[in-house]
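These notes concern the structure reproduced below.
What you are looking at is a predicted structure, and each value in this text was computed from that prediction instead of being measured.
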Amino acid sequence: MVGSKRLKRLYVVAGEDSGDLHAGNFLRALHEVLPDLEARGMGGDVMEGAGCQLIAHVREGNFMGFAEVLRNLGTIRELFRRIKADVRAWQPDAVVLVDYPGFNLRLAPFFKSLGIPVYYYISPQLWAWKKGRVKTVKAFVDRMFVILPFEEDFYRQEGVEVEFVGHPLLDALPDETAATEPGQPVIALLPGSRRQEIKKMLPVMLSLIPHFPGHRFIIAGARSQPMELYQELVGESKVEIWQNRTHELLGQARAAAVTSGTATLETALFGVPEVVCYRGSALSYAIGKRLVKVPFISLVNLILGRRAVTELIQQEMNSGRLLEEMKALLSDGLREQLAADYAELRSRLGDRGASRRTAEGLLRHFSTLPTHSA
């Protein structure tokens with residue numbers, strides 16, 4: 001499969017918890033074929049556990065929104081400097097960029113200038129906004145490995161080498177959903193993985209608690225955030241915090257309030273009725289609204305091409321509306337409709353094995369490159 005050209009050193013750059021998860025699973029699949037492969041780069045605990053030597057952690061560059069990025073430009077520039085210096089010194093055979101487009105698409109030209117093959121796993125949402133960045137992808141990325149079915153057609157029409165590998169979340173799901181434990185039904189609160197979004201979302205989500213005295217509320221704590229952040233926001237609220245146990249939580253949940261992002265799809269794949277939440281800074285939202293070209297913010301609705309789950313965006317994300325939607329999620333009629341929508345969603349995402357197919361696709365492509373490109 002690998003051919004005469006062998007991959008020995010791989011650089012990986014992921015900047016968020018979800019990217020760390022999928023990059024880590026991809027690295028494990030790659031190590032099954034190449035057990036002696038050396039991996040290095042920016043990521044999180046999952047990548048490190050998969051044998052990747054980290055020179056920077058995802059928590060260092062995990063910023064949300066235009067305003068937050070502007071406030072942290074110094075930190076971001078320092079990350080660029082560290083990665084570039086490390087790459088020059090380590091001289092990898094290839095690089096895999098994982099999602100995180102604002103950062104990774106600026107790094108791609110640097111890698112290409114050194115003659116390093118560039119692969120991109122988990123596409124930036126260029127089909128939603130900043131379509132002009134497709135030119136950057138076409139110029140500096142050797143092959144895209146995409147996880148949403150409509151992305152393959154999008155890139156192919158733009159003349160980009162692309163391969164649909166299926167969604168990696170399918171690999172992380174249990175074969176069967178665990179039986180719900182007896183006791184109070186669980187309402188899951190997924191406030192996101194970035195510090196800024198957690199501080200905006202969680203207080204509104206916590207406002208649900210007094211209205212559902214017969215329910216148990218549990219927060220999905222991000223592995224990249226300290227427990228102190230949640231404890232500070234929770235105060236005296238009657239709620240539990242499960243850090244780095246999201247799948248276990250979703251396996252028990254009867255309903256969920258979920259911050260927009262990969263977690264909305266994850267929640268749906270576990271079959272949990274959800275309301276999607278988003279509230280950013282006024283500046284970030286104003287800029288984003290002018291640029292975004294799609295009718296929905298959640299991956300569930302985008303993939304289905306219709307409104308299956310409710311999205312509470314900006315001012316709509318308030319305690320009154322969230323309470324109204326959570327009550328609806330616990331009603332039998334809506335749950336039956338969502339179950340049908342979720343079944344269709346899962347069928348559109350392809351089969352399990354995205355991590356393995358990505359590893360195989362990368363090695364297959366790498367083996368065809370001229371020797372001087374490595």
Are the side chain of [X] and the backbone of [Y] linked by a donor-acceptor contact shorter than 3.5 Å?
X	Y	answer
Glu197	Ser193	yes
Arg9	Trp90	yes
Arg28	Gly51	no
Glu38	Lys8	no
His31	Leu37	yes
Asn301	Val309	yes
Glu311	Ile297	yes
Arg335	Arg254	yes
Gln243	Ala222	yes

I'd like to know if [Y] and [X] are part of one continuous hydrophobic network [Ile/Leu/Val/Met/Phe/Trp/Tyr, side-chain heavy atoms within less than 4.5 Å].
X	Y	answer
Leu229	Leu202	yes
Val272	Leu312	yes
Val162	Val137	yes

Which residues pass the side-chain contact (heavy atoms from CB on, under 4.5 Å) test with [X], sequence neighbours left out?
X	value
Phe164	Val146, Pro149, Glu152
Ser319	Ser207
Arg88	Lys84, Phe110, Leu114
Ala39	Leu27, Cys52

Euclidean distance, Thr262 OG1 relative to His22 NE2, rounded to 0.5 Å: 5.5 Å

Residues in salt bridge (Lys or Arg N to Asp or Glu O under 4.0 Å) contact with [X], at least two apart in sequence or another chain:
X	answer
Glu324	Arg321
Lys112	Asp142
Glu32	none
Arg348	Glu344

Between the side chains of Arg143 and Glu163, is the shortest nitrogen-to-carboxylate-oxygen separation below 4.0 Å, so that they form an ion pair? yes

Enumerate the salt bridge (Lys or Arg N to Asp or Glu O under 4.0 Å) contacts for residues 231-246, please, sequence neighbours excluded, ordered by first and then second residue. Arg216-Glu240, Arg245-Glu248

Pairwise salt bridge (Lys or Arg N to Asp or Glu O under 4.0 Å) hits with a residue in residues 217-226, at least two apart: Asp20-Arg223

Quick note, ring-ring contact (aromatic ring centres under 6.0 Å, His included) partners involving residues 188-219, not counting sequence neighbours, are Phe212-His215

For the residue pair Phe80 and Phe103, is the inter-centroid distance of their aromatic rings smaller than 6.0 Å? yes

For Glu325 and Thr310, what are the C-alpha separation, side-chain angles and deciding distance, and is it a side-chain hydrogen bond (donor to acceptor under 3.5 Å, both in side chains)? CA-CA 8 Å; Glu325 292 302 328; Thr310 298; 3.2 Å; yes

What class does the angle between the rings of Phe26 and Tyr121 fall in, given that below 30° is parallel, 30 to 60° is tilted and above 60° is perpendicular? tilted

Side-chain heavy atoms of Ser123 within contact of Leu148, under 4.5 Å: no

Are Asp171 and Arg356 side-chain neighbours, meaning at least one heavy-atom pair lies under 4.5 Å? no

Contacts of type side-chain hydrogen bond (donor to acceptor under 3.5 Å, both in side chains), residue Tyr120, not counting sequence neighbours: none

So if I apply the side-chain contact (heavy atoms from CB on, under 4.5 Å) rule between Ile219 and each of Ile198, Leu249, Ile241, Leu190, which one comes out positive? Ile241

